[in-house]
Amino acid sequence: MYKNVIGLKIAALLLTIISISLLGLALVAPLEEAEAANSGFVKRAGNQLTLNGQPFRFAGVNIHWLGLDENIDGIDYPSNFRVNDAMLTAKEMGVTVIRSHTLAASTGCSKCIMPTLGVYNETALSKVDYAIKRAGELGLRLVLPLTDNYYYYHGGKHNFTDWRGRGEEAFYTDPIVIADFKAYINHMLNRVNTLTGLAYKDDSTIMAWETGNELISPEGWTQTIADYIKSLDSQHLVIDGKYWLNRGTLGMNSVDIHSDHLYPMDVNRLVNDATDTRNANKVFIVGEYDWLNQKGGASLNEFLSNVENNAVAGAFFWFLLSHRDTSGFVPQTDGFGLQYPGQNSDLRYRAQVLRTHAFKMRNKAVPTHDTPPAPVILKAEAGNIINWRGSAGAEKYSIERSIAGANGPWTIICDRCTDDFNGFWADNGRPGGNLWYRMRAYNLDSVAGAYSSVYALNTNTVISPPVTPPPVTPPPVTNPPAPVPPAPLVLTNLVDELSDWSKVYSHSPDLSFDSSNSGFFENDQIRLRRNNTASQEVVWKQTGLTSFEAVGFFWPGEGVSHLSFFTSADGNNWTAVNPTISGGGGDWKKYSYTLSNLTNVTFVKLRWANGGGQFWNPQVSRVTLTSKV
């Protein structure tokens, strides 16, 4: 069986290389990828993981959206480019294991794996097939949660009880609901990947199945589900997917790995968790952690040092974003996403701390940075603007122009002068007539990757580059200097966690911060609330706002009276606006309010709309302001 599995993987990889070559697409180090293709299952030997008989420790990342995403234009499948881009970025960072919710926890929506009870969506599953195949080719392993505690866009445990007309607590107790969940697990584990020919339960790319994401599950249920997974799949590891370390499951033979999610990065809790798990002869991992210190806690360096020195098998930071299919990066959603290599000095520093940690976990010296793949010029037309699709690991880009033809000679018009946080560049020195452009990316070591295909301006025709690009011809010394392009627009995100007034422009006097009962608010330690039932409001100011998002929690003991929103250009004249509202799940009902495509907006006002009930309901958890400046 083992030889057949490896043979199928090699055959699938060769077919992939041939098909991509026929399409004329650039391969990214195909020899290295072939050598990196996964072989052997990650196993547990007591309190450590092993791979092919050797200890296996890892640095991981959460990329929850690989099967289904809501970051750009509603809920949709990410393109193969975005999946590949994220995985190549993970490899550049030294990551060897990815935790991805939507590759298995995907129920109750039209584009989910199981839109309705017992009905499976082949389109969604084909996206999972691709992600698993690509991860295997790149030598990456996957951890796949099987459901979710919350009312997220990709569904969760509530779908199984909703379908049966039960209360959500029945997910853990009702035999019919449990049987439905088992049937879903059975379908996922026995799914045969259409691209590799392997059943998921036979694919070593998957490191572990997780019973769920941040569940609040009783021990008996965990035993039932873990036993069932093992009865179908004896080759993969099982993770107890409870939100915090469940010491009551440490003795279960069918549970291999135990985890905790650390918001903030609490070193004492980490050490206690790791010690108790190790003493029970089981494996401990950190499923998520706040690498940005948004919730306080230990410094990132201190936390990761304790991960390295306390026999923690691995830790997954939350989370990684990819380049967009068009230009720039997929925008932030919750303020925790990394757009590698980072938009400012703090993020760039933290990203390299994560990278250093990744190689320490593998007992390897930190290598030079990976060479970025070729970018793709998308257009170079109206307004002198050049747009491109980005390259994994790129720090800067150079752009070259020819007035003679697709074979040059070439003039450098942008010498590492732009990046993906700009997303475009203006060729303000553009002459008339036919023009040709090409560009390439540079990594953090200032090493250039391959050239893009040539973009012909007047014909909108993409011309494949020659095998050996001609040398670059610098502009003659006698030429006058090219006009200095105007500063490009930069997307800026401001995240206000509402733990103080530092990012608020103005507010009503009868508002205060509530730090009680954080467990009801997805562990958010501090939220904003009223001190009485009178209408209260708070205002944020940021020039050039393009979008605004707020998160509110509503006490389930009262009906929901949604928050109201207003926008203004000058802070005096206000316009009532209707946000897009999503969510509605959790202990306290969580809703996200989004204002998109804002123009001529500098101020946003949030107002409590309910005039009665409890004064502490609702509470505002976080706001995110995105602007172009």
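- Nearest heavy-atom pair across Pro341 and Leu444 is CB-CD1, 4.0 Å.
- Between the side chains of Tyr593 and Glu549, no donor-acceptor pair of N or O atoms lies under 3.5 Å.
- The distance from atom CG of Leu545 to atom CG of Leu598, rounded to the nearest 0.5 Å, is 6.5 Å.
- Contact record, Thr102 with Val128: O-CG2, 4.4 Å, taken as the closest heavy-atom pair.
- Judged purely by atom type and a 3.5 angstrom limit, Asp85 uses its side chain to pair as donor or acceptor with the backbone of His323.
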Using side chain to side chain contact (heavy atoms under 4.5 Å, CB included), reason through Ser327 and Phe424 one step at a time and then give a plain yes or no.
CA-CA 7 Å; Ser327 62; Phe424 61 88; 5.8 Å; no

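- Residue Ser391 comes nearest to Ala374 through the heavy atom pair OG-C, 3.6 Å, listed as atom of the first residue, atom of the second, then distance.
- Side-chain contact check for Lys396 and Asn443: no donor-acceptor pair (N or O, by modelled atom type) lies under 3.5 Å.
- At a threshold of 4.5 Å between non-hydrogen side-chain atoms, the residues Tyr130 and Asn84 count as touching.
- For Gln294 (side chain) and Gly335 (main-chain N/O), a donor-acceptor pair under 3.5 Å exists by modelled atom type.
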Run Asn80 and Lys127 through side chain to side chain contact (heavy atoms under 4.5 Å, CB included) and show every step you take.
CA-CA 8 Å; Asn80 288 354; Lys127 298 300 295 186; 3.1 Å; yes

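- Remark: the backbone N or O of Val551 is not paired with any side-chain donor or acceptor of Ser621 at under 3.5 angstrom.
- Asp419 places a side-chain N or O within donor-acceptor distance of the main-chain N or O of Phe421, the cut-off being under 3.5 Å.
- No side-chain heavy atom of Arg141 sits less than 4.5 Å from a side-chain heavy atom of Ile98.
- Summarising the geometry, atom OG belonging to Ser547 is positioned 8.5 Å from atom CG belonging to Leu595; distances are rounded to the nearest 0.5 Å.
- Between Asp260 and Arg269 there is a salt bridge, with a side-chain nitrogen of the basic residue lying less than 4.0 Å from a carboxylate oxygen of the acidic one.
- Looking only at distances, no side-chain donor or acceptor of Asn62 sits under 3.5 Å from a matching main-chain atom of His64.
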Step-by-step side chain to side chain contact (heavy atoms under 4.5 Å, CB included) determination, Trp540 to Val623:
CA-CA 9 Å; Trp540 289 268; Val623 302; 3.5 Å; yes

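- For the pair Asn306/Val271, a side-chain contact is recorded, criterion being any heavy-atom separation below 4.5 Å from C-beta on.
- Lys364 pairs with exactly one of Lys360, Met361, Arg362 by the side-chain contact (heavy atoms from CB on, under 4.5 Å) rule, that one being Arg362.
- There is no side-chain donor-acceptor pair under 3.5 Å between Thr368 and Asp445.
- Under the 3.5 Å distance criterion, the side-chain polar atoms of Glu92 are matched with a main-chain donor or acceptor of Asp370.
- The side-chain heavy atoms of Glu214 and Tyr150, taken from C-beta on, include a pair separated by under 4.5 Å.
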What do the steps show when you test Val97 against Phe316 for side chain to side chain contact (heavy atoms under 4.5 Å, CB included), and what is the final call?
CA-CA 8 Å; Val97 185; Phe316 300 85; 3.6 Å; yes

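- To the nearest 0.5 Å, atoms OG (Ser39) and CG (Leu51) are separated by 7.0 Å.
- Put simply, CD1 on Ile206 and CG on Leu144 are 5.0 Å apart, with the number rounded to the nearest 0.5 Å.
- When only modelled atom types and interatomic distance are considered, Tyr152 and Glu70 share no side-chain donor-acceptor pair under 3.5 Å.
- The closest side-chain donor-acceptor pair between Asn301 and Tyr349 falls under 3.5 angstrom.
- Between Pro367 and Arg355 there is a side-chain heavy-atom pair separated by less than 4.5 Å.
- Using a 30° and 60° split on the angle between ring planes, Tyr397 and Trp388 fall in the tilted class, from 30° to 60°.
- Taking 4.5 Å as the limit, every side-chain heavy atom of Tyr437 sits out of range of all side-chain heavy atoms of Val454.
- Of the N and O atoms on the side chains of Asp148 and Asn213, at least one donor lies less than 3.5 Å from an acceptor on the other residue.
- Classified by interplanar angle (parallel below 30°, tilted 30° to 60°, perpendicular above 60°), the ring pair Phe303/Tyr289 is tilted.
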Could you go through the ring pair (Phe, Tyr, Trp, His ring centres under 6.0 Å) check for Phe336 and Tyr263 one step at a time?
CA-CA 11 Å; Phe336 288 95; Tyr263 299 91; 5.7 Å; yes

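- Counting heavy-atom neighbours within 6.0 Å of Lys503 NZ, excluding the residue itself, gives a total above 12.
- Phe521 carries Arg527 over the face of its six-membered ring, with the cationic atom under 6.0 Å from the centre and within 45° of the normal.
- Side chains of Glu395 and Tyr340: no donor on one and acceptor on the other come within 3.5 Å.
- Summarising the geometry, atom CZ belonging to Arg324 is positioned 11.0 Å from atom CG belonging to Asn387; distances are rounded to the nearest 0.5 Å.
- Here the closest non-hydrogen pair linking Ile413 and Trp425 is O-CH2, 3.3 Å.
- Taking the side chain as every heavy atom from C-beta outward, Pro375 and Arg389 never approach each other to under 4.5 Å.
- A donor-acceptor pair under 3.5 Å is formed between the side chain of Thr546 and the backbone N or O of Thr626.
- Inspection of the Asp290 and Trp318 side chains reveals no N or O donor paired with an N or O acceptor under 3.5 Å.
- Between Arg622 and Asp496 there is no salt bridge, since no side-chain nitrogen of the basic residue lies less than 4.0 Å from a carboxylate oxygen of the acidic one.
- Put simply, the side chain of His154 gets close to the backbone of Ala105: a donor and an acceptor are under 3.5 Å apart.
- Summarising the geometry of Ala104 relative to Pro145, their closest heavy-atom pair is CB-O, 3.3 Å, with the distance given to 0.1 Å.
- For Arg82 and Trp65, the positive end sits near the middle of the six-membered ring, less than 6.0 Å away and at most 45° from its axis.
- One side chain, Asn293 or Arg350, offers a donor N or O that lies under 3.5 Å from an acceptor on the other.
- The backbone N or O of Glu302 lies less than 3.5 Å from a partner atom in the side chain of Ser299, making a donor-acceptor pair.
- Of the charged side-chain nitrogens involved, at least one lies within less than 4.0 Å of a carboxylate oxygen, so that Glu288 and Arg99 count as a salt-bridged pair.
- A donor-acceptor pair is defined here as one N or O able to donate and one able to accept, closer than 3.5 Å; such a pair exists between the side chain of Ser100 and the backbone of Ile63.
- With rounding to the nearest 0.5 angstrom, the CG atom of Leu140 is 9.0 Å from the OG1 atom of Thr205.
- At a threshold of 4.5 Å between non-hydrogen side-chain atoms, the residues Leu354 and Trp291 count as touching.
- Residues Leu321 and Val330 approach most closely at CD1-O, 3.7 Å, considering heavy atoms.
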